Amino acid sequence: MLLRIDHVGIACHDLEEKIEFYESTFGLTVVSREINEEQGVREAMLHVADGAQGASYVQLMEPLHPDTVVGKFLAKRGEGVHHIGYGVADVAKALEEVGAKGVRLIDERPRHGSMGASIAFLHPKDVGGVLTELVQTARR
Ligand code: MC0
């Protein structure tokens with residue numbers, strides 16, 4: 001079901017500062033910047049590598065305001081890894097399969113994600129403490 005690691009989502013206080021860090025330290029390049037009002041984040045995707053099943057990225061996220069999931073995460077845990085996004089071929093089908101195995105779905109139906117992807121989150125409490133996102137890449 002999981003094709004690849006699509007992205008590692010990292011929560012930060014200052015998006016521009018962290019972009020500069022990842023560019024200058026690891027030589028990564030920003031390929032997309034978006035504000036996702038529904039998710040309460042300003043985010044950037046930095047390309048890491050291309051594989052047979054598609055690309056992988058670092059996703060840097062700054063909360064739009066403190067009362068958002070990422071804002072609350074930062075207040076509670078500080079900066080760091082917030083979630084892992086895995087590429088899947090069909091996010092609706094993957095949700096159905098995972099849900100049937102008893103994993104709590106945060107999203108019953110896919111939502112809009114970065115770069116036109118369809119995304120859905122699984123509850124971290126049912127995935128060994130890891131907030132897990134399923135990502136169906138947009139058709140090109
Ligand atoms: C909370 N918990 C986490 C966690 N956030 N565990 C691992 N990783 C995280 N990121 C744990 C808490 O420590 C707590 O455990 C329990 O889950 C309940 O947390 P809470 O602090 O009470 O917070 P809730 O329940 O209000 O919200 C947690 C939940 C939420 C995962 C349901 O963050 C959520 O709906 N996330 C999905 C949407 C999202 O993350 N959007 C931002 C990225 P204890 O043991 O203390 O009870 S948007 C995105 O990434 C898009 C743009 C994209 O990729 O394209």
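Counting convention: from 1, in listed order, for ligands and their atoms alike. From a predicted model like this one, the values you see are computed outputs, not experimental measurements.
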S.K.: Counting only heavy atoms, which portion of Glu34 has something under 4.0 Å from ligand 1: side chain, backbone, both, or neither?
M.R.: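 The answer is neither.
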
S.K.: Under 4.0 Å and counting heavy atoms only, is there anything from the protein next to atom 9 (C) of ligand 1?
M.R.: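 Flag for atom 9 (C) of ligand 1 set to true, protein heavy atom closer than 4.0 Å.
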
S.K.: Any heavy atom of His7 closer to ligand 1 than 4.0 angstrom?
M.R.: yes

S.K.: For ligand 1, does Ile119 get within less than 4.0 Å through its side chain, its backbone, both, or neither, judged by non-hydrogen atoms?
M.R.: side chain

S.K.: Can you tell me which residue and heavy atom of the protein come closest to atom 25 (O) of ligand 1, and the distance to 0.1 Å?
M.R.: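 Answer for atom 25 (O) of ligand 1: His123 NE2, 4.8 Å.
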
S.K.: Identify, for atom 43 (C) of ligand 1, the protein heavy atom at the shortest distance, and state residue, atom and that distance.
M.R.: Met61 SD, 3.7 Å

S.K.: Does at least one non-hydrogen atom of Gly129 fall below 4.0 angstrom from an atom of ligand 1?
M.R.: yes

S.K.: Give the contacting part of Pro124 toward ligand 1: side chain, backbone, both or neither, where contact means a heavy-atom distance below 4.0 Å.
M.R.: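 For Pro124, only side-chain atoms sit under 4.0 Å from ligand 1.
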
S.K.: Would Lys125 count as being in polar contact with ligand 1, using the rule that some N or O on each side must be under 3.5 angstrom apart?
M.R.: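 Looking only at distances, the answer is yes, because the N/O contact criterion of under 3.5 Å is met.
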
S.K.: So between Asn36, Val41, Ile106, whose heavy atom ends up nearest atom 35 (O) of ligand 1?
M.R.: Ile106

S.K.: Please work out which of Arg77, Arg111, Glu133 has its closest non-hydrogen atom nearest to atom 6 (N) of ligand 1.
M.R.: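 When every heavy atom of Arg77, Arg111, Glu133 is considered, Arg77 comes closest to atom 6 (N) of ligand 1.
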
S.K.: Main chain of Gly85, side chain of Asp6: is a donor-acceptor contact present, judged purely on distance under 3.5 Å?
M.R.: no

S.K.: Looking only at non-hydrogen atoms, find the nearest pair between Gln136 and Asp90 and report the distance.
M.R.: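 Minimum heavy-atom separation between Gln136 and Asp90: OE1-CA, 3.5 Å.
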
S.K.: What is the closest protein heavy atom to atom 38 (C) of ligand 1, and at what distance does it sit?
M.R.: Gln39 OE1, 3.5 Å

S.K.: How about atom 40 (O) of ligand 1: does it have a protein heavy atom within less than 4.0 Å?
M.R.: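 Given the 4.0 Å cut-off, atom 40 (O) of ligand 1 counts as touching protein heavy atoms.
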
S.K.: Just to confirm, does any protein heavy atom lie below 4.0 Å from atom 16 (C) of ligand 1?
M.R.: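 Given the 4.0 Å cut-off, atom 16 (C) of ligand 1 counts as touching protein heavy atoms.
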
S.K.: Taking non-hydrogen atoms only, is Val135 closer than 4.0 angstrom to ligand 1 via side chain, backbone, both or neither?
M.R.: neither

S.K.: Quick one: look up the protein heavy atom nearest atom 5 (N) of ligand 1 and list residue, atom name and how far away it is.
M.R.: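 Residue, atom and distance for the closest contact: Phe73 CD1, 4.2 Å.
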
S.K.: What's the shortest distance from atom 27 (O) of ligand 1 to any protein heavy atom, and which residue and atom give it?
M.R.: Val69 CG1, 4.8 Å

S.K.: Kindly state each residue pair satisfying ring pair (Phe, Tyr, Trp, His ring centres under 6.0 Å) with at least one member in residues 61-80, sequence neighbours excluded.
M.R.: Phe73-His82

S.K.: At their closest point, which heavy atom of Ser114 faces which heavy atom of Gln59, and how far apart are they?
M.R.: CB-NE2, 4.0 Å

S.K.: Of the protein's non-hydrogen atoms, which lies at the shortest distance from atom 49 (C) of ligand 1, and what is that distance?
M.R.: Phe121 CZ, 3.9 Å

S.K.: Nearest non-hydrogen atom to atom 14 (C) of ligand 1 belongs to which of Lys76, Met45, His82?
M.R.: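 Among Lys76, Met45, His82, the closest heavy atom to atom 14 (C) of ligand 1 belongs to Lys76.
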
S.K.: Kindly work out whether a path of hydrophobic side-chain contacts (I/L/V/M/F/W/Y, heavy atoms less than 4.5 Å apart) joins Leu95 to Leu2.
M.R.: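 Shared cluster, yes.
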
S.K.: Within the structure, does at least one protein heavy atom fall under 4.0 Å of atom 23 (O) of ligand 1?
M.R.: no

S.K.: Could you give me the CA-CA distance, side-chain angles and deciding distance for Arg33 and Glu16, then say whether salt bridge (charged side-chain N to carboxylate O under 4.0 Å, His left out) is met?
M.R.: CA-CA 11 Å; Arg33 284 172 185 263; Glu16 297 311 319; 2.8 Å; yes

S.K.: So which heavy atom on Met115 is nearest to which on Glu34, and how close?
M.R.: N-OE2, 2.7 Å

S.K.: Output yes when a protein non-hydrogen atom is found under 4.0 Å of atom 33 (O) of ligand 1, and no otherwise.
M.R.: yes

